[in-house]
Amino acid sequence: MEYRRMGKTGLQLSVLSYGSWVTFSKQVDDSASARLMALAYDNGINFFDNAEAYEGGRSEEMMGRVLSRMNWDRTTYCVSSKVFFGLYGKNNRPNQRGLSRKHITEACHAALTRLQVDYLDLFYCHRADPNVPIAETVRAMHDLVTQGKVLYWGTSEWPAEAIKEAQRLCAERNFHAPIVEQPQYNLFHRSRVEKEYAPLYRSPAGLGLTIWSPLASGLLTGKYNSGLPADSRLSTPDLAWLRDRLLAQPGADKKLAAISALAAVAKELGTTLPRLGVAWCLKNPNVSSVILGASRVEQLKENLGALDLLPDLTPDILARLEKISSPVAA
């Protein structure tokens with residue numbers, strides 16, 4: 001495993017990390033989640049990602065049960081949560097979602113209980129909240145850091161201008177500032193990371209990036225090019241919205257054609273599409289960690305193999321991948 005510092009902080013994250021979105025408590029049970037997390041940890045992964053919204057809190061509860069049984073030294077791993085959506089899928093009342101001081105504080109306490117930890121290494125504001133002043137949000141996050149309940153805080157899918165404003169307010173008031181962003185990033189989804197956020201991670205303050213969906217929710221594995229496998233994530237009834245977003249939107253056919261061309265490159269390199277997709281994300285030096293979301297042990301082993309592929313992604317190969325993917329990338 002390789003490790004990178006999260007932006008300009010001293011925190012070292014494994015370049016591959018493991019997350020639970022749409023898998024824990026939906027696709028995997030306690031036994032499977034324990035096997036997956038143990039495999040990840042044994043291979044050097046030290047960052048496990050979660051959120052209050054994942055399965056209405058049940059994902060964090062499942063991860064917490066695994067962590068309590070593993071008896072790992074707490075100093076050897078990092079765990080995160082995110083706040084904004086509330087317990088998604090529940091009938092949330094006012095103040096049970098968003099980025100008010102009340103919800104941020106209560107969401108942090110609830111995440112600590114579900115994950116069975118004394119502090120969160122990372123706590124993300126899961127989306128920007130247009131209904132709450134940014135000043136209120138940054139003060140609440142600052143207070144959680146000073147209380148020792150959160151070590152680092154950041155954002156997820158925030159507009160760059162909102163992050164800049166949060167950083168400005170924190171600098172003005174001597175608050176702990178957001179130092180990491182968690183955006184989607186893959187061969188088909190890249191402009192926000194490569195263009196919009198560029199001034200942020202290139203600035204003296206720096207900004208870490210822990211990116212999600214490196215395989216475009218499985219699209220970049222190639223398994224959907226011949227239809228919808230019965231045992232696949234997108235065949236799950238509860239994920240019909242994700243299936244429609246990936247396979248029923250305009251331009252989906254062009255992406256599938258691009259995947260076939262990418263598969264040909266992978267074959268030339270003697271590797272697989274999943275490893276190629278993950279390794280491509282890792283070649284961006286501004287990416288602190290790539291969050292994997294495997295639901296089966298064999299998938300996780302496959303993704304871990306991306307590290308071995310990095311030396312093969314020469315400038316010529318990267319140029320070919322660029323030529324294939326950029327016409328259909330957003």
**Study point:** F47 side chain reached by T210 side chain, heavy atoms, under 4.5 Å
**Key:** yes
Study note, to complete from the structure: Only residue of V138, V145, T146, L169 satisfying side-chain contact (heavy atoms from CB on, under 4.5 Å) with F175 is V138
Point to revise | Beyond-backbone contact of Q96 with E106, side-chain heavy atoms, under 4.5 angstrom | key: no
Exercise for review: Report yes if the side chains of S213 and N186 come closer than 4.5 Å at any heavy-atom pair, otherwise no.
Suggested key: yes
Check your understanding: Would you find a donor on one side and an acceptor on the other, under 3.5 Å apart, between the side chain of R5 and the backbone of G10?
Key -> yes
Exercise for review: Search all heavy atoms of F84 against all heavy atoms of A128 and return the closest pair with its distance.
Suggested key: CE1-O, 3.7 Å
Exercise for review: Find out whether S20 and M62 are in side-chain contact, i.e. whether some heavy atom of one side chain is under 4.5 Å from a heavy atom of the other.
Suggested key: no
Point to revise | Exam field: side chain S81 to backbone A51, donor-acceptor pair closer than 3.5 Å | key: no
Check your understanding: What do the steps show when you test L122 against Q182 for side chain to side chain contact (heavy atoms under 4.5 Å, CB included), and what is the final call?
Key -> CA-CA 11 Å; L122 290 83; Q182 187 171 125; over 6 Å; no
Review point. Shared ILVMFWY cluster between M63 and I45, side chains joined below 4.5 angstrom?
Key: yes
Review point. Any idea how Y54 and W21 line up, ring-wise: parallel (<30°), tilted (30 to 60°), or perpendicular (>60°)?
Key: tilted
**Study point:** Verdict with reasoning, M141 to I104, per side chain to side chain contact (heavy atoms under 4.5 Å, CB included)
**Key:** CA-CA 8 Å; M141 298 299 276; I104 286 174; 3.6 Å; yes
Exercise for review: Show which residues join V132 in its hydrophobic cluster (side-chain heavy-atom contacts under 4.5 Å, direct or indirect), or state none.
Suggested key: none
Review point. How close do R275 and G305 get, heavy atom to heavy atom, and via which atoms?
Key: NE-CA, 3.6 Å
Practice item. State plainly whether one hydrophobic cluster holds both Y3 and I179, where clusters connect Ile, Leu, Val, Met, Phe, Trp and Tyr through side-chain heavy atoms under 4.5 angstrom apart. Key: no
Review point. For the side chain of R4 and the backbone of V287, is there at least one donor-acceptor N/O pair under 3.5 Å apart?
Key: yes
Check your understanding: Partners of R139 by side chain to side chain donor-acceptor pair (under 3.5 Å), sequence neighbours excluded?
Key -> D143
Check your understanding: Is F123 close to V83 at the side-chain level, that is, under 4.5 Å between some pair of heavy atoms?
Key -> yes
Exercise for review: Using atom types as modelled and distance alone, determine if a side-chain donor or acceptor of T137 lies under 3.5 Å from a backbone N or O of L99.
Suggested key: yes
Practice item. For the residue pair T271 and D312, establish whether any side-chain heavy-atom pair is separated by less than 4.5 Å. Key: no
Point to revise | Sidechain-backbone polar pair: E181 side chain, E157 backbone, donor-acceptor under 3.5 Å | key: yes
Exercise for review: Go through the structure and list residues passing side chain to side chain donor-acceptor pair (under 3.5 Å) with Q167, not counting sequence neighbours.
Suggested key: none
Review point. Should L120 and L115 count as side-chain neighbours, where that means a heavy-atom distance under 4.5 Å?
Key: yes
Revision key, fill the gap. By side chain to side chain contact (heavy atoms under 4.5 Å, CB included), L87 pairs with (sequence neighbours left out) K90, N92, R114
Point to revise | Selection residues 115-136 - residue pairs positive for salt bridge (charged side-chain N to carboxylate O under 4.0 Å, His left out), sequence neighbours left out | key: R74-D121
Point to revise | Closest non-hydrogen atom pair, A166 against W158 | key: CB-CZ3, 4.2 Å
Check your understanding: Do we see a donor-acceptor contact under 3.5 Å between the side chains of D29 and S31?
Key -> no
Review point. With distance as the sole test, does K8 use its side chain to make a donor-acceptor pair with the main-chain N or O of P204 at under 3.5 Å?
Key: yes
Point to revise | Any L67 side-chain heavy atom under 4.5 Å of Q116 side chain | key: no
Practice item. Report the residues that fulfil side chain to side chain donor-acceptor pair (under 3.5 Å) with S17, sequence neighbours left out, ordered by chain and then residue number. Key: S289
Exercise for review: Any salt bridge (charged side-chain N to carboxylate O under 4.0 Å, His left out) involving residues 257-272? Give me the pairs, sequence neighbours left out, ordered by first then second residue.
Suggested key: E268-R320
Review point. Can you list every ring-ring contact (aromatic ring centres under 6.0 Å, His included) pair that touches residues 185-204, not counting sequence neighbours?
Key: Y185-W280
Practice item. Take T221 and T272 through the test side chain to side chain contact (heavy atoms under 4.5 Å, CB included) and record every step on the way to the result. Key: CA-CA 8 Å; T221 64; T272 63; over 6 Å; no
Practice item. For atom NZ of K102, decide whether the heavy atoms of other residues, nucleotides or ligands shown that lie under 6.0 angstrom number more than 12. Key: no
**Study point:** Derivation of the salt bridge (charged side-chain N to carboxylate O under 4.0 Å, His left out) call for K164 and E161
**Key:** CA-CA 5 Å; K164 289 178 184 177; E161 286 304 313; 3.4 Å; yes
Practice item. May I ask you to check whether over 12 heavy atoms, not counting those of Y119, lie within 6.0 Å of atom OH? Key: yes
Review point. Quick one: side chain to side chain contact (heavy atoms under 4.5 Å, CB included) partners of A257, sequence neighbours excluded?
Key: none
Exercise for review: List for me each residue that meets side chain to side chain donor-acceptor pair (under 3.5 Å) alongside D316, sequence neighbours excluded, and say none if there are none.
Suggested key: none
Check your understanding: Which heavy atom of T23 sits nearest a heavy atom of G19, and at what distance?
Key -> OG1-O, 4.1 Å
Point to revise | W212 side chain vs G293 backbone, donor-acceptor pair below 3.5 Å | key: no
Point to revise | Parallel, tilted or perpendicular: rings of Y77 and Y41 (30°, 60°) | key: perpendicular
Practice item. Using modelled atom types only, decide if a donor and an acceptor are shared between the side chain of E196 and the backbone of A160 within a distance under 3.5 Å. Key: yes
Check your understanding: For A111, does its backbone N or O pair with a side-chain atom of N50 as donor and acceptor, under 3.5 Å?
Key -> no
Practice item. Would you mind listing every salt bridge (charged side-chain N to carboxylate O under 4.0 Å, His left out) that reaches into residues 31-51, with sequence neighbours excluded? Key: D49-K82
Check your understanding: Linking I/L/V/M/F/W/Y whenever any side-chain heavy atoms sit under 4.5 Å apart, do L309 and L220 land together?
Key -> yes
Check your understanding: Are V15 and L187 grouped together when hydrophobic residues (ILVMFWY) are joined by side-chain heavy atoms under 4.5 angstrom apart?
Key -> yes
Exercise for review: Report whether I211 and V278 are members of the same hydrophobic cluster (ILVMFWY, side-chain heavy atoms less than 4.5 Å apart, transitive linking).
Suggested key: yes
Review point. Would L16 and L282 count as a side chain to side chain contact (heavy atoms under 4.5 Å, CB included) if you check the C-alpha gap in whole Å, the side-chain angles of each, and the deciding distance to 0.1 Å?
Key: CA-CA 8 Å; L16 296 177; L282 288 172; 3.9 Å; yes
Point to revise | CA sep, side-chain torsions, deciding dist, call: R190, E322, salt bridge (charged side-chain N to carboxylate O under 4.0 Å, His left out) | key: CA-CA 11 Å; R190 13 192 319 202; E322 175 76 16; 2.5 Å; yes
Practice item. Could you pull out all residues at least two apart from L300 that satisfy side chain to side chain contact (heavy atoms under 4.5 Å, CB included)? Key: Y18, L36, L39, A40, L292, A294, L304
